[in-house]
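What follows is a single structure, and I will ask about it in a moment.
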Amino acid sequence: QVQLVESGGGLVQAGGSLRLSCAASGRTFSSYAMGWFRQAPGKEREFVATISWTGGRVYYSDSVKGRFTISRDNAKNTVYLQMNSLRPEDTAVYYCTGSKYSRTSSIEKEYDYWGQGTQVTVSS
């Protein structure tokens with residue numbers, strides 16, 4: 001079983017930056033593809049970014065491409081989401097997720113493990 005714990009959320013002004021971290025337990029973290037999803041109030045959860053187990057492949061949603069960067073440090077069992085040029089519409093609960101079959105997907109059901117989420121609020 002893998003446990004994921006997000007941190008780094010908070011309140012930031014539009015145009016600002018935040019870096020989310022997701023610490024994973026378990027010895028097999030380095031073999032998992034990892035991803036970030038988010039859910040805004042009253043909306044469905046949506047894909048943000050994903051990274052392969054080597055870190056060599058990354059994919060982003062169109063809404064964050066060019067502003068967000070996903071990365072990972074397998075030695076630290078941690079995946080990151082650097083968020084720059086934040087906008088009010090980025091306000092959401094951000095969830096870290098992992099795929100034990102190493103699927104870099106934008107589809108929720110492809111992921112097996114989920115964190116509890118961290119709130120990001122961007123003020124205008």
Side-chain angles (χ1 to χ4, degrees):
Q1 187 72 10
V2 173
Q3 290 187 327
L4 304 175
V5 179
E6 303 97 334
S7 61
L11 174 63
V12 64
Q13 289 189 333
S17 298
L18 282 175
R19 188 175 82 155
L20 305 183
S21 298
C22 173
S25 64
R27 294 176 293 176
T28 54
F29 167 83
S30 61
S31 67
Y32 292 2
M34 300 295 294
W36 289 94
F37 284 71
R38 66 186 182 186
Q39 187 168 22
K43 295 187 177 181
E44 293 187 352
R45 192 155 56 184
E46 65 173 3
F47 167 74
V48 175
T50 185
I51 186 167
S52 63
W53 69 277
T54 63
R57 288 180 290 123
V58 295
Y59 302 102
Y60 300 95
S61 67
D62 287 343
S63 62
V64 307
K65 197 175 297 181
R67 299 187 298 123
F68 291 11
T69 302
I70 189 171
S71 61
R72 66 191 296 161
D73 185 337
N74 288 341
K76 295 182 179 179
N77 277 14
T78 302
V79 63
Y80 305 98
L81 186 67
Q82 177 67 44
M83 305 185 295
N84 298 329
S85 302
L86 282 161
R87 305 166 180 169
E89 54 264 39
D90 294 318
T91 294
V93 177
Y94 283 71
Y95 296 91
C96 174
T97 186
S99 168
K100 62 183 177 182
Y101 297 111
S102 201
R103 294 177 179 140
T104 49
S105 172
S106 62
I107 301 172
E108 277 193 55
K109 66 179 182 181
E110 299 287 354
Y111 293 89
D112 306 286
Y113 305 106
W114 293 82
Q116 81 290 348
T118 186
Q119 176 70 47
V120 171
T121 303
V122 184
S123 63
S124 57

When you measure from the side chain of Ser105 to the backbone of Glu110, do you find a donor-acceptor pair of N or O atoms at a distance under 3.5 Å?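 Here the side-chain-to-backbone pair does not exist.
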Identify the two heavy atoms, one from Ala24 and one from Val2, that lie closest to each other, and give their separation to 0.1 Å.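 Looking at all heavy atoms of both residues, the shortest contact is CB-CG1, 4.4 Å.
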Worked check of side chain to side chain contact (heavy atoms under 4.5 Å, CB included) between Ser17 and Val12: CA-CA 7 Å; Ser17 298; Val12 64; over 6 Å; no
Working to the nearest 0.5 angstrom, can you tell me the gap between Leu4 CG and Asp112 CG?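 Taking CG in Leu4 and CG in Asp112, the distance rounds to 10.5 Å.
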Taking a hydrophobic cluster as the set of Ile, Leu, Val, Met, Phe, Trp and Tyr residues connected by side-chain heavy atoms closer than 4.5 Å, whether directly or through intermediates, do Tyr94 and Val58 fall within one such cluster?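 They do share one cluster, since a chain of ILVMFWY contacts under 4.5 Å joins Tyr94 to Val58.
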First locate atom CE of Met34, then atom CG of Leu81, and finally report the distance between them rounded to the nearest 0.5 Å.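 Result: 11.5 Å between the selected atoms.
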Hey, would you say the Phe68 and Trp36 ring centroids sit under 6.0 Å apart?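 Distance test on ring centres: not under 6.0 Å, no.
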Distance only, no hydrogens: is a donor on one side chain within 3.5 Å (strictly under) of an acceptor on the other, for Thr50 and Tyr60?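 No, because no side-chain N or O of Thr50 sits under 3.5 Å from a partner of the opposite role on Tyr60.
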State, yes or no, whether a side-chain contact exists between Glu46 and Arg38 at a heavy-atom distance under 4.5 Å.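 Contact flag for Glu46/Arg38 side chains = yes.
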Looking at OG of Ser106 and OH of Tyr111, how far apart are the two atoms once the value is rounded to the nearest 0.5 Å?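 Ser106 atom OG to Tyr111 atom OH measures 7.5 Å (nearest 0.5 Å).
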Please give me the minimum heavy-atom distance between Ser52 and Gly56, naming the atom from each residue.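 Where Ser52 meets Gly56 most closely, the heavy atoms are OG-N, 3.2 Å.
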Please determine if Arg103 forms a cation-pi arrangement with Tyr32, meaning its NZ or CZ atom is less than 6.0 Å from the six-membered ring centre and no more than 45° off the ring axis.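 The answer is no, since Arg103 fails at least one limit relative to Tyr32.
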Below 4.5 Å, heavy atoms only, C-beta onward: do Tyr95 and Glu6 meet side chain to side chain?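 With C-beta onward as the side chain, the pair touches.
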Short side-chain donor-acceptor distance under 3.5 Å, Thr78 and Asp73: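 Per modelled atom types, Asp73 and Thr78 side chains form no pair under 3.5 Å.
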Checking Thr104 against Ile51 for the side chain to side chain contact (heavy atoms under 4.5 Å, CB included) test, could you report, in this order, the C-alpha distance in whole Å, the side-chain angles of both residues, the deciding distance, and whether it holds? CA-CA 6 Å; Thr104 49; Ile51 186 167; 5.9 Å; no
Measure from the side-chain N and O atoms of Gln13 to the backbone N and O of Ser124, and report whether any donor-acceptor pair falls under 3.5 Å.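 No, Gln13 side chain to Ser124 backbone: no donor-acceptor pair under 3.5 Å.
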Does Arg45 count as lying over the ring of Trp114, i.e. NZ or CZ under 6.0 Å from the six-ring centre, within 45 degrees of the axis?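 Yes - Arg45 lies over the ring of Trp114, closer than 6.0 Å to its centre and within 45° of its axis.
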Will you find, in the side chains of Glu89 and Thr91, an N or O donor that is under 3.5 Å from an N or O acceptor?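 No, no side-chain donor-acceptor contact under 3.5 Å.
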Flag the pair Phe37 / Phe47 as yes when their ring centroid distance falls below 6.0 Å, and as no otherwise.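 Judged by ring-centre distance (under 6.0 Å), Phe37 and Phe47 do meet the cut-off.
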Any donor-acceptor pair under 3.5 Å from Arg57 side chain to Trp53 backbone: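 Not a single qualifying donor-acceptor pair exists.
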Between Gly9 and Val120, what is the shortest heavy-atom contact and its length?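 Of all heavy-atom pairs spanning Gly9 and Val120, the closest is CA-CG2, 4.1 Å.
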With a sphere of 6.0 Å drawn around CD of Gln119, does it hold more than 12 non-hydrogen atoms of other residues, nucleotides or ligands?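 More than 12 heavy atoms, drawn from other residues, nucleotides or ligands, come within 6.0 Å of this atom.
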Determine, step by step, whether Met83 and Leu20 satisfy the side chain to side chain contact (heavy atoms under 4.5 Å, CB included) criterion, reporting the C-alpha distance in whole Å, the side-chain angles of both residues, the deciding distance to 0.1 Å, and the verdict. CA-CA 8 Å; Met83 305 185 295; Leu20 305 183; 3.7 Å; yes
As a quick check of understanding, evaluate side chain to side chain contact (heavy atoms under 4.5 Å, CB included) for Lys76 and Ser21, giving each step before the final call. CA-CA 11 Å; Lys76 295 182 179 179; Ser21 298; over 6 Å; no
Is there a side-chain contact between Val79 and Cys96 in this structure, where contact means two heavy atoms from C-beta onward sitting under 4.5 Å apart?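 Yes - at least one pair of side-chain heavy atoms lies under 4.5 Å apart.
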Atom CG of Asp90 and atom OG of Ser85: how far apart are they, to the nearest 0.5 Å?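 Between Asp90 CG and Ser85 OG, I get 9.5 Å after rounding to 0.5 Å.
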Distance to the ring centre below 6.0 angstrom and angle to the axis at most 45 degrees; does that hold for Arg19 and Tyr80?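 Yes; both conditions hold, so Arg19 lies above the ring face of Tyr80.
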Under 3.5 Å, is there a donor-acceptor pair between the side chain of Asn74 and the main chain of Phe29?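 Not confirmed, Asn74 side chain does not pair with Phe29 backbone.
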What distance separates Ser123 OG from Leu86 CG, expressed to the nearest 0.5 Å?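 Here the interatomic distance stands at 10.0 Å.
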What's the spacing between Glu44 CD and Glu108 CD if we round to 0.5 Å?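 Glu44 CD to Glu108 CD: 8.0 Å, rounded to 0.5 Å.
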